[in-house]
Amino acid sequence: MQKVNLEQKLSLFSSHWDPQVVADYNGNDIMVVKFQGAFPFHKHDDSDDFFLVLEGEVTLDREGGESVTMGPGELCVVPKGVVHRPRAEAEAKVLLIEPQGLPNTGDAETAAAKPRI
């Protein structure tokens with residue numbers, strides 16, 4: 001067992017759209033990330049996408065559908081196969097949960113590696 005301080009982990013980097021693994025849970029990566037601007041539309045064919053806003057405001061746009069806006073303490077799960085994009089006007093801090101090894105773009109060829117901090 002090991003305690004993880006999310007605020008401290010978030011202070012270790014300043015990049016946006018760069019998930020950092022802070023813990024493992026039942027074969028999943030627990031990550032923190034900073035959002036600002038818009039991420040490209042993408043989908044995950046084999047996994048849902050979990051977003052929990054820690055600070056700021058995040059909008060999840062669904063291609064051809066309604067958007068969902070979340071503030072601190074709010075979460076949303078995007079079902080697998082749904083084309084979506086997260087975006088934030090000002091910097092937002094978010095906790096993500098994804099299966100280990102899952103590309104953050106849903107596409108292994110365009111996804112960046114997820115560092116562990």
Side-chain angles (χ1 to χ4, degrees):
M1 292 191 314
Q2 185 176 359
K3 176 174 70 173
V4 175
N5 182 302
L6 298 178
E7 186 174 331
Q8 184 270 334
K9 295 292 188 182
L10 283 157
S11 75
L12 296 176
F13 64 97
S14 59
S15 56
H16 296 114
W17 309 111
D18 185 20
Q20 308 282 315
V21 179
V22 298
D24 303 313
Y25 174 74
N26 290 334
N28 293 289
D29 289 328
I30 308 294
M31 299 168 287
V32 291
V33 62
K34 296 177 182 178
F35 289 175
Q36 189 166 12
F39 197 72
F41 276 102
H42 66 286
K43 65 178 176 152
H44 302 271
D45 289 324
D46 300 318
S47 177
D48 298 336
D49 215 358
F50 175 96
F51 299 85
L52 170 63
V53 177
L54 302 171
E55 184 179 310
E57 185 175 273
V58 172
T59 299
L60 293 174
D61 296 321
R62 178 180 180 166
E63 191 174 60
E66 292 187 29
S67 297
V68 174
T69 300
M70 302 170 292
E74 296 180 317
L75 69 86
C76 185
V77 176
V78 178
K80 65 182 173 183
V82 172
V83 178
H84 64 285
R85 75 166 176 196
R87 61 183 167 89
E89 295 296 320
E91 184 175 82
K93 298 173 182 174
V94 179
L95 184 131
L96 306 173
I97 302 174
E98 294 179 347
Q100 291 173 349
L102 182 73
N104 63 335
T105 61
D107 178 2
E109 293 183 18
T110 62
K114 294 182 266 186
R116 180 174 295 277
I117 56 174

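When a residue number appears, it is its place in the shown sequence, counting from 1. In what follows, every heavy atom counts, from backbone to side chain, and hydrogens, waters and symmetry copies are set aside.
- Two different hydrophobic clusters hold Leu54 and Phe35 under the rule that ILVMFWY side chains link at heavy-atom gaps under 4.5 Å.
- Taking each heavy atom of Ser14 and Lys34 in turn, the nearest pair found is CA-NZ, 4.0 Å.
- Under the 4.5 Å side-chain heavy-atom criterion for Ile, Leu, Val, Met, Phe, Trp and Tyr, Val22 and Leu12 are members of the same hydrophobic cluster.
- A continuous path of hydrophobic side-chain contacts links Val21 to Val94 [ILVMFWY only; heavy atoms under 4.5 Å].
- Side chain of Trp17 to main chain of Val33: no donor-acceptor pair is present (N/O by atom type, distance under 3.5 Å, no hydrogens or angles).
- Applying the side-chain contact (heavy atoms from CB on, under 4.5 Å) criterion to Glu63, with sequence neighbours excluded, gives Phe41, Val83.
- Checked against side chain to side chain donor-acceptor pair (under 3.5 Å), Glu89 has no partners two or more places apart in sequence or in another chain.
- For residues 54-81, the set of pairs meeting the ring-ring contact (aromatic ring centres under 6.0 Å, His included) definition, not counting sequence neighbours, is empty.
- The main-chain N or O of Ile117 is found under 3.5 Å from a side-chain atom of Lys9 such that the two form a donor-acceptor pair.
- Residue Arg87 holds its CZ atom at 9.5 Å from CD of Glu57, rounded to the nearest 0.5 Å.
- By the side-chain contact (heavy atoms from CB on, under 4.5 Å) test, Asn5 is found to be paired with Glu7, Gln8, residues two or more places apart in sequence or in another chain being considered.
- In this structure, CG in Leu60 is found 8.0 Å from CG in Asp49, a value given to the nearest 0.5 Å.
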List the atom pairs, with distances to 0.1 Å, where a side-chain N or O of residues 64-75 and a protein N or O form a donor-acceptor pair under 3.5 Å, not counting sequence neighbours.
from	atom 1	to	atom 2	distance (Å)
Ser67	OG	Asp61	OD1	2.6
Thr69	OG1	Thr59	OG1	3.0
Glu74	OE1	Gly71	N	2.7

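- In this structure, the salt bridge (Lys or Arg N to Asp or Glu O under 4.0 Å) partners of Lys93, at least two apart in sequence or on a different chain, are Glu55.
- Taking every heavy atom of both residues into account, Phe13 and Asp18 meet most closely at CE1-O, 4.2 Å.
- Applying the side chain to side chain donor-acceptor pair (under 3.5 Å) criterion to Arg62, with sequence neighbours excluded, gives no partner residue.
- The ring-ring contact (aromatic ring centres under 6.0 Å, His included) contacts involving residues 74-93 comprise His42-His84, His44-His84, where partners must be two or more places apart or lie in separate chains.
- Ile30 and Val78 are not part of a single hydrophobic cluster, where members link through side-chain heavy atoms under 4.5 Å apart.
- Hydrophobic clustering places Phe51 together with Val53 (ILVMFWY residues linked when any side-chain heavy atoms are closer than 4.5 Å, directly or through intermediates).
- The heavy-atom pair separating Ser47 from Pro99 by the smallest distance is OG-CD, 3.3 Å.
- The backbone N or O of Lys80 sits less than 3.5 Å from a side-chain atom of Asp48, completing a donor-acceptor pair.
- In this structure, the separation between CZ on Phe39 and NE2 on His16 is 13.5 Å, given to the nearest 0.5 Å.
- The ring-ring contact (aromatic ring centres under 6.0 Å, His included) contacts involving residues 54-78 comprise nothing, where partners must be two or more places apart or lie in separate chains.
- With sequence neighbours left out, the side chain to side chain donor-acceptor pair (under 3.5 Å) criterion links Asp24 to Gln100, Arg116.
- Of all heavy-atom pairs spanning Pro86 and Val58, the tightest one is CB-CG1, 4.4 Å.
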